[in-house]
Amino acid sequence: MSHSLLALVVALPLLAAFLPPLLPGAIRRLLGPLALLLVAALGVYLWRITLIEPVSLALGDFRPPLGVVFYVDSVAALFVLAVALVTLLLWPWRGDTSENLDRKQSLTLVLAAACGGLAVSGDLFNVYVFYELAAVAGYGLAAGGGTAAARVATFRYLILGSLGSLLALLGITLIYFRAGTLNLAHLADLAPQTLHDPFGLAAFFLILLGLGVKAELFLVNTWAPEIYATAEARVSALLAGLVSKLALLVLARLLVLVFPLPEARGALLILGMLGMLTGEFAAFRARDIKRMLAWSSIGQLGAAFIAFSIPGSLGLAAGLAIALHHLLVKPALFLLAERWGGGLARLAGAARRSPFGAALFALFALSLIGVPPLPGFWAKYLLLSGLAAQPDNLYLLAGLVVLVTTVVEAVYLFRVIGMLHGRDAAHSEKPQNMALDMTLPASTLAGSGAFAALLLAVALAAPWLTAPLARMALQMNDSAAYVARVLPATATSEATK
Amino acid sequence: MNALDILLALSALMPPAALLFGRWRGYAWLAGMVLTGQIILLAGCDLPLAAGMNLEIFGRSVGWRLDAFGRFFALITLGVALASTVYMGGEWGERHAAGGHSPRWLHGALAGNVLAMLLLLSSQDLIAFFIGWELTSWAGFLLMAQGGEKALRAALRYVPYAMSGAMAVLGGLALTLAWTGTLDLAALTGIMPTLDNTKLALLLALFGMGFSIKMGLLPFHLWQAPAYAEAAGAGTAFLGAISARMGLFALALLLVKLMTLTRVADLAFIEGLFTARDLLAWVAALTIVLPTFTALKQNDARYLLAWHGIGQGGYMLLGIVIGDATGSAGGLLHVFNYATYQAALVLAVFAVMHRTGTADLNSLGGLVTRMPLTFLVMLLGIIGLAGLPPMNGFVSKWLVYRSLMLDGRPLLFLMTVIGTLGTILSVYKLIHNTFLGQLRAEHEQIREAPWSMTLPMLALVILAFVTGAAPGLALSWVAEAQAALGLPVLAYTLGGIESPRGNLDMLWIVGVLFAGFGIGALLFYGAGGRSKRVHQLDNYAGGHFLSADVRYHYSDHFYAGLMHRIGPFYRSSFTRLESAVAAATDLAASLMQVWYRQTVPALTLLVAAVLGLSWMIWK
Amino acid sequence: MSTLQSIPVVAPPAEEPSGGGNLLANVFDELLAFCRSRSLFMLHYCTGCGAIELPPAMTSRFDMERLGIQPMVTPRQADILLVTGYVSTKTLKRIILTYEQMNSPKYVIGICSCTVNGGMYWQSYATAKKLSDYMPVDMYIAGCMPRPEAVISGLRELMENIRAGRSDNWRDYYQRYDHYLGNQQRLFGEHWQTPTDVIGEARHYGQFGPETLGEHTALLERHQTPLLPFEMRLGLGDVSKGGKS
Amino acid sequence: MKMMELLLELTVMPLLAFTVGLFMVLMMRKIAAKIQRRVGPPLLQPLYDIVKLYAKETQSSHGLLHDIGIVMAVGGYIAAETMLPVPGMNGIADKAGMLTLAYVTMIPSLGLALGVGQCANPNGSIGIARALTAMLAYDVPFVVIIFGASWLYGSNNLVEVIAAQQAGGIASWGVTQMPLLAIAGLFTLYAMLGKQPFEIYVAPAEIATGPMVEMGGKHLGGLFVMQCFQLFTASAIYVSLFLGGGENWLFFIAKLFAVVAIPMSMAFVFPRYRTEDVLAVVWRWPMLLGLIGVWLVMR
């Protein structure tokens, strides 16, 4: 089978995003989900074959390093699958007006396409393009909340994001200036000679900051709480769940392929630690559930950064586990938070209105803080055992940070659970409004229920998933294989040298 | 399928069964029968047993294997669960359900606890152990949170403690893996003692802290009393009697089996004078004294018992830390003994609550004529808790005392005795304020608790009495557990121990005691004039005419003189410590939020970029 | 100092029981009587000035303890009720309650003239004049106030009476309760009652006499809910009234 | 026949203890009288009191537990006496040890406390609260002393402790081996006997004799019996730990009476402490002496 199917990962959603105005109503509404389903199927297929061996595609058959390269290893395939599935689960089925809905659906699809592109891109330029695409779609979606607060938040996000893009672009330019190529495989090949110096590191740092805006990296994550608090829940879920993970993936690839340097790892580690500390502690004092989730996701991504900073496939495995786990849990929590937004005090007694919703919240919370046998525990286990195995004391410190912030996380999440099950605030205040207000709609329950089902399935299948995960991490860590796959010629020339 | 598989499978079936059928009246009997079956199965099987289920995760095997040490705890767990389940299944459960609580969740939480504990007790490696540990913690949380608003608040207070403990254990687990390359408990037994002192000390600190929190050792004890006291009745009994002992199980495993006590004694703070082992012993001793002292100040029967539960844990740990045959047998036996009478006591308090609606020690009194069986339970229970003959609590404490005496630890010995004396004072207050003194007018029509409640309580205290008179019955399990753990094994007889340095024969002591009571009764009832019962208002009041509307009863500030002296001793410094940590967290959180509230994030971004670049370039 | 035979409170000494031929029983009874006479715990109800003479009687000069007499604090412990002075209506209620709470055999000694006939308070409207109207008095020690010698002497006479079995007026209170109750009711009003159960005790100890019950006890029973002691019960039987005051 | 002999001992030991205790009560009252320049009670006065109390014709009880309390108080001491070796008889002392004995002697107190509680009289409850506080006060130095003795003689078994002392004569008595502990022990014994200034729980003028407030007839009689046992037990433990036990009954009784006489000759010139002051004084002096003594013994 031709690997040109790879292009569909990007092409299908884009097509579905821009075709609808030309189509009649019924098909129009189904086109997006259909495209996503196809991408998901493609993801499953790709995952199965790439577990054995990665594939790459040179678009238009321009051989690298000249052309546009898509590279899919099992990690990328899994992310493609995840992008499709999560987008599907967070699909905007309803809107205020038809026009509004069209726009939302289109933007969502663009976002999905961009995310898929980020997952499979094999060169930095494409990465930048897809990243910009995702950013634009993200601004559009975030502003779609319609409220003034949402617009203000989006505006700030926009400034920060643009500045970030600029920095990333600057970094990419520096790299190009030094190495003369943007193809990742090529870069991996050239990096030891050209980029492993302060100059290269500076470029890495700029890219880190730039992409870090989306990945909620500490220093550039200040937009997150406001956006998540004001945007629609499913948008928050997409941004926190999906986009951040893909930015993370790109950074991880960059780290593995081009900059496997202790300084780069150190930067990642320190920023990750700071992100975890600030995020989780800030969430401790959050007074509404959406901001709390936003900060929590900053913390979780910090944990992922810490994980990726661990050298070797063990760290990658841990980072992947954390990222994927967060991808499963956080969107679902944001879905639940849609109706339960606002001050935490409002939640009192909500469990009586929506017992199933409260149970789901508890399940996600438990997984998030890493209670075995839920998947979150295995992610945390991988992270900690990876950190403990490092000789550097900074890694042990990071382990300590992870442990302490987990305690903080447990406290604030359980505070919410306590609120949910506490005495009904409705008793004292206007009961009817409250009752209606706090009951979760069936669609929300169905959405997060689906995530919960996935989570539980992963929990049950954990013993059988460890081997693929390890394999994925190995593949991702194997930069020689990457180079060899994308640039067979260079690899052979290397070998002959 | 071997016995352990069946055991675990049955336990795994019960939580869903409880959630499905918990509302059905017969469920308690069904669960009771299952638990009885499990007890018989467990008591009869040959150990050690490895479970058929074996997982392979990240290249490490995760498995379950039960030895005699685990079985000892497992039997206690199942027994207490049995008593609690039966208690829950009757009138108490109906009242509980009528109060808007869910019997399904309560049964489910209890069954979940049993399952979690069995998993923990039979874990074969640290991952299985941690899974069991966390499940126990959260199942415990579920059980704690069942009693309404206050219970929920207390349970939430438990969360940071439980989580800190879990994270400490997890950290220890990660370091163990990094330093030894294995997580298998059997393999670790050989490797861990060979680690150097720094590593061992760090592991001891991490694991020790995690386990101490569960056990409620000082200074991590504050969560336990409210969490256990406010839970729903039968849940409180289960939590109080056995839940916290999981911490002891883990500590014993760590100290004795994995690290070995001699290695722990190598970790010296002051060379030759004060080692980690001494530190543990002193923590245990302080855990005996200070919580007992707090218990003495309680005015709520449930809290009083819960605080004593914390204090009693100290005896168990102290016995194990001494580590000789007598002391460790005492410590382990105390787990069993304590479970029997503590469960009975808690159930009795909840029986009183069931009838009177309160556990406030200042609003009760004189119930002995109305609830004589409950009184009997509480009487035998407090004799056990206070550690007086003829109940079993005496035997285990005696073993601990004796080993402290022979080990030459006068101050520790003194602490244990002070704990016992304080307990006597406090439990007398408990029984006096509940059952003795003046019967309140509003309680005159109260009836004895129903059989579904009195039977489990009576069964427990009878067990406590029988194993007090013939401690050999329980000591056989203890000796097996000692052997499995690698401790010196106690040479016991049916009546106690025989040793050249002082014997204990409870058969004789109990026999003579009851003969003495018999003679006393003969003297009292046989000799002298007839007596006539008088009404409680026919009482000396300096010539005053008593009437039922005026309270003639002494309950509040019961030990005024004692409190005058020791009341200000440590002025709730632990509570202050706890609030200080909470406040510090809150402050840190506020500071962190400042970061996210900045008005010009773009500027920060630029500054960060410049700074980062300069760091990268100048490094 | 004298036992005032003129005051008809002491029933004529009962004939010595013939003993029924059982020598051992007689010896035993003698022993008990002897012990009773040699061990007297007194409750001094210090109503008036006579109390001042008791400390000297107890302490080094006269030392009652050599006679086996010592002070006690509560009615349950005491054998002798010493009423040491004028008895106001209000005090009398307490004295009666105290007397009823004592365990028999119990003895009442009225010290000072006030207990005999009101003494210097003979015309006070608020003073009970004659103690023996309200409870059986075993011994009066007259005087205003009687000196310790007189007190000791009176006590010795009481001891002798006890040893000889002549002093069991406590039975009189049970047997003629209606009479005493009548006098009490006349003074305190018809709603008078104590938290004790004299009639029940009379029944329990077989001290029922022809005059135990009568019109006054009928009056008492009309408005009194008897204070039945709380019996232990398992709650399986019917819920009976436990008793109220 | 070993068993018969043992049973006989078990019967005789409490009886002897009671008899000795009766005379100790007498001695106590005599000493009080002498100090106050009185004659004091006749020889058999304690017996008269007990017989009279038992022989009361009407007695009031506050319920089953009121009775049981007295039964436990007397019965507990009867049992305790069989664990306390006296010349020629060891009873079951070697099956129990001194620690057990110390705890068995708490049973009567607990019984009494239960009985008093049932009386529904706050004076009694206050008395018990104070008595238990006093017990907390004096038992703390007491166990320090027990610890010292059992460390010194290497055994928890009173029979062996006594044998070890008698084997070496006065030089090996506890009082010469551990003089500080002996002083502390005497102090503790004093507090244990509960006479002035440690009489906090009786306090006749304040709480109407506390625990005894509702005790009359045989209830009070039972308490008198208990007092006899208590005096005997306390002094016999002291004699066994520090004065070499009894070589024969003559010496034994002499020692016993001497031990009781010392605190009693001081007691009656004192007023009464408050509860908190009892704690302060007992936790300070005998504790300090005891701990130093233990340190010396263990050195």
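Order of the sequence lines sets the chain letters (A, B, ...), proteins ahead of strands, with each chain counted from 1. Keep in mind that the numbers below use all heavy atoms, side chains included, and drop hydrogens, waters and symmetry copies.
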Contacting moiety of [X], where chain B heavy atoms sit under 4.5 Å:
X       : result
E160(D) : side chain
M98(D)  : neither
M287(D) : side chain
L64(D)  : both
Q118(D) : both
K56(D)  : backbone
M72(D)  : both
L114(D) : both
N123(D) : side chain

Under 4.5 Å from any heavy atom of chain D, what part of [X] do you find: side chain, backbone, both or neither?
X       : value
L379(B) : side chain
S555(B) : neither
F514(B) : neither
L522(B) : neither
F413(B) : side chain
R409(B) : backbone

Close side-chain approach of [X] and [Y], heavy atoms under 4.5 Å:
X       : Y       : answer
M405(B) : W151(D) : no
W398(B) : N156(D) : yes
I566(B) : W283(D) : yes
R530(B) : T58(D)  : no
L562(B) : L279(D) : yes
S61(D)  : K532(B) : no
V140(D) : V417(B) : no
N121(D) : Q536(B) : no

Side chain of [X], backbone of [Y]: donor and acceptor closer than 3.5 Å?
X       : Y       : value
E214(D) : Y540(B) : yes
D67(D)  : F524(B) : no
R565(B) : E276(D) : yes
K95(D)  : W508(B) : no

- Query: What closest approach, in Å, do V534(B) and S60(D) show between heavy atoms, and which atom pair accounts for it?
  - Reply: CG1-CB, 3.5 Å
Return a table of donor-acceptor pairs under 3.5 angstrom between the side chains of residues 128-139 of chain D and protein atoms on other chains or two or more places apart.
from	atom 1	to	atom 2	distance (Å)
R130(D)	NH1	I200(D)	O	3.0
R130(D)	NH1	E206(D)	OE1	3.1
R130(D)	NH2	E206(D)	OE1	3.4
R130(D)	NH2	E206(D)	OE2	2.6
T133(D)	OG1	A129(D)	O	2.6

- Task: Report the relative orientation of the aromatic rings in Y103(D) and Y401(B); use parallel for angles under 30°, tilted for 30 to 60°, perpendicular for over 60°.
- Result: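 Taking Y401(B) first and then Y103(D), their aromatic rings lie parallel (interplane angle under 30°).
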- Under 4.5 Å, heavy atom to heavy atom, which residues of residues 424-434 of chain B contact chain D? I424(B), L425(B), Y428(B), I431(B), H432(B)
